[in-house]
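Here the structure is laid out as structure tokens; the discussion comes afterwards.
Lettering follows sequence order; numbering is per chain, from 1.
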There are 2 protein chains.
Amino acid sequence: MTSVEEPARPGERERVRDAARTQAEILDVATQEFARAGYDGARVDEIAARTRTTKRMIYYYFGGKEQLFTAVLERAYGVIREAEQQLDVEHLDPVAAIRRLAEVTFDHHEQHPDFIRLVSIENIHEAQHIAASEKLGRIGSPALDVIRRILEEGRRSGLFTADVDAVDLHAMISSFCFFRVSNRHTFGALFGRDLVAPAQRAHYRTMLGDMVIAYLTAERAAD
Amino acid sequence: MTSVEEPARPGERERVRDAARTQAEILDVATQEFARAGYDGARVDEIAARTRTTKRMIYYYFGGKEQLFTAVLERAYGVIREAEQQLDVEHLDPVAAIRRLAEVTFDHHEQHPDFIRLVSIENIHEAQHIAASEKLGRIGSPALDVIRRILEEGRRSGLFTADVDAVDLHAMISSFCFFRVSNRHTFGALFGRDLVAPAQRAHYRTMLGDMVIAYLTAERAAD
DNA sequence: TCACGAATGTACGAACTAGTACGTTAGCTA
DNA sequence: TAGCTAACGTACTAGTTCGTACATTCGTGA
């Protein structure tokens, strides 16, 4: 997610004043700070201090703490959106495709703990920033379209017995991936097991895939 | 979770000074306030204002904001612990028992959104209050023992093919129940679906049971 | 090269917030 | 019933934190 620190591409002299770079740097640091301490725990002064610029610039470019947090969320959601657009699983058979999709989701959650924390924080605030954001209003999800098509194909070929909706399946996969990262601290403290321990990674990754496939292909009494 | 407002049982005159009642009232209000705004967003003055007592008493009984939050967590975890002890599913066959357990977990999460929020908040703070609490250090979970025994029975009778660990199964069930409540706001805002809409309740409750049972009973290649 | 605005830095203030010093009173017990 | 202590209330402070007024400088287009 670090989008700064490109130390002046050759030929492009490092300017002292660079609006885009300043904004990106603020967003980088703000992402860390908000993820670290939550919205109210985050300090505007702290964000400014860890930037090459000053607090003044935060207000100049973003308007205030609230809008800064919204901007952080917008960029963070943009990243997953891009990742989802890279999804290339539809050449696989439905079972393999869903398993692959689950694995990609699993990996993405593991690799972006800050994003998970931001989403948790935004939920504590009842998604008010997303609601107030035009960009995030109806961002849509490329992954959902992919899931929809795979499910269609799986049902048509008779492999999938479950009549699941794409949004629900997405919720099922996400919940496991999200919980594993978001609740690792309380879960670890209470049950003495680190859900994100590297040694357990493959185990949980397989477990997720098994679970989803078992659900989709289970023999089921007609409704 | 409200433990006050028993308006002086007959014969027991309402005393003006009642340490236990004052503490319980502070905990009730603090639970709401912390759940509403997060640890840093919560205001000690606000908690005091919504109590029949004053801020002075919060410091008198609990020592400070940090310890108050810890006390709130301790009580909240105590409530689920008690609920789990009421679990009575072992007279059922393993499949029915697990499904019932999943449903009870599902219902409990739905009925205690404040608890879910507190746990989310505690995770943002990396479970530091749980770690610092003697009561919560190794509270253990009655539900885990129940799961362990059901799994044992299910495996012995050949109904369950999966060689799952009780803690992992608990994580699987919890993740779905927890996510549905904790992430309902962002999920709703982004995908336009309210995961806790009453009309969908039965649907998701069944989905969870189907998922867990499918996983446990799936035909699986020998490892 | 010069003027003009975008970009930036400094210093400060007003409001808030956790925590406390000090004084008071209810109610139990001897 | 007297007195002692747990329980309680008021008023205040020190420190923090978001936000801004005002002054300054860089870079670019005319």
Measuring centre to centre across the rings, with the benzene-like ring taken for any Trp, is A:Phe179 within less than 6.0 Å of B:Phe179?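 When the ring centroids of A:Phe179 and B:Phe179 are compared, they turn out to be at least 6.0 Å apart.
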Tell me if the aromatic rings of B:His129 and B:Tyr39 count as close, with their centers under 6.0 Å from one another.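 Yes, ring centres under 6.0 Å apart.
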Selection: residues 53-63 of chain B, any non-hydrogen atom under 4.0 Å of DNA chain D: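 Within this stretch, B:Thr53, B:Thr54, B:Arg56, B:Met57, B:Tyr60, B:Tyr61 sit under 4.0 Å of the strand.
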Residues in contact with DNA chain D, drawn from residues 35-44 of chain A - heavy-atom cutoff 4.0 Å: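 Output list: A:Ala42, A:Arg43, A:Val44.
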Do the non-hydrogen side-chain atoms of B:His125 and B:Asp40 ever get within less than 4.5 Å of each other?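 Yes - at least one pair of side-chain heavy atoms lies under 4.5 Å apart.
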If I take atom CD1 from residue B:Ile124 and atom CD1 from residue A:Ile121, how far apart are they, to the nearest 0.5 angstrom?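 Those atoms lie 4.0 Å apart.
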Could you check how far [atom1] of [X] sits from [atom2] of [N], rounded to whole Å?
| X | N | atom1 | atom2 | value |
| --- | --- | --- | --- | --- |
| B:Lys65 | C:dT17 | NZ | C1' | 8 Å |
| B:Arg21 | D:dA6 | CZ | C1' | 15 Å |
| B:Arg52 | C:dA26 | CZ | P | 16 Å |
| B:Ile26 | D:dA7 | CD1 | P | 12 Å |

Between C:dT8 and A:Thr22, is there an OP1 or OP2 to side-chain N/O distance shorter than 4.0 Å?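 Indeed, a polar side-chain atom of A:Thr22 lies that close.
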When you measure from the side chain of A:Arg117 to the backbone of A:Arg36, do you find a donor-acceptor pair of N or O atoms at a distance under 3.5 Å?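 Yes.
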Without swapping roles, check the side chain of B:His109 against the backbone of B:Thr105 for a donor-acceptor pair under 3.5 Å.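 Indeed, once roles are kept as given, a pair shorter than 3.5 Å links the two residues.
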Identified salt bridge (charged side-chain N to carboxylate O under 4.0 Å, His left out) counterpart of A:Glu110 within the set A:Arg201, A:Arg205, A:Arg184: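 Result for salt bridge (charged side-chain N to carboxylate O under 4.0 Å, His left out) with A:Glu110: A:Arg201.
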Going by the angle between their ring planes, with limits at 30° and 60°, are B:Phe176 and B:Phe106 parallel, tilted or perpendicular?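 B:Phe176 vs B:Phe106 ring planes: parallel.
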Which residue, B:Arg17 or A:Asp45, contacts DNA chain D at a nucleotide closer to its 5' end, judged by nearest heavy atom?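 So the residue in question is B:Arg17.
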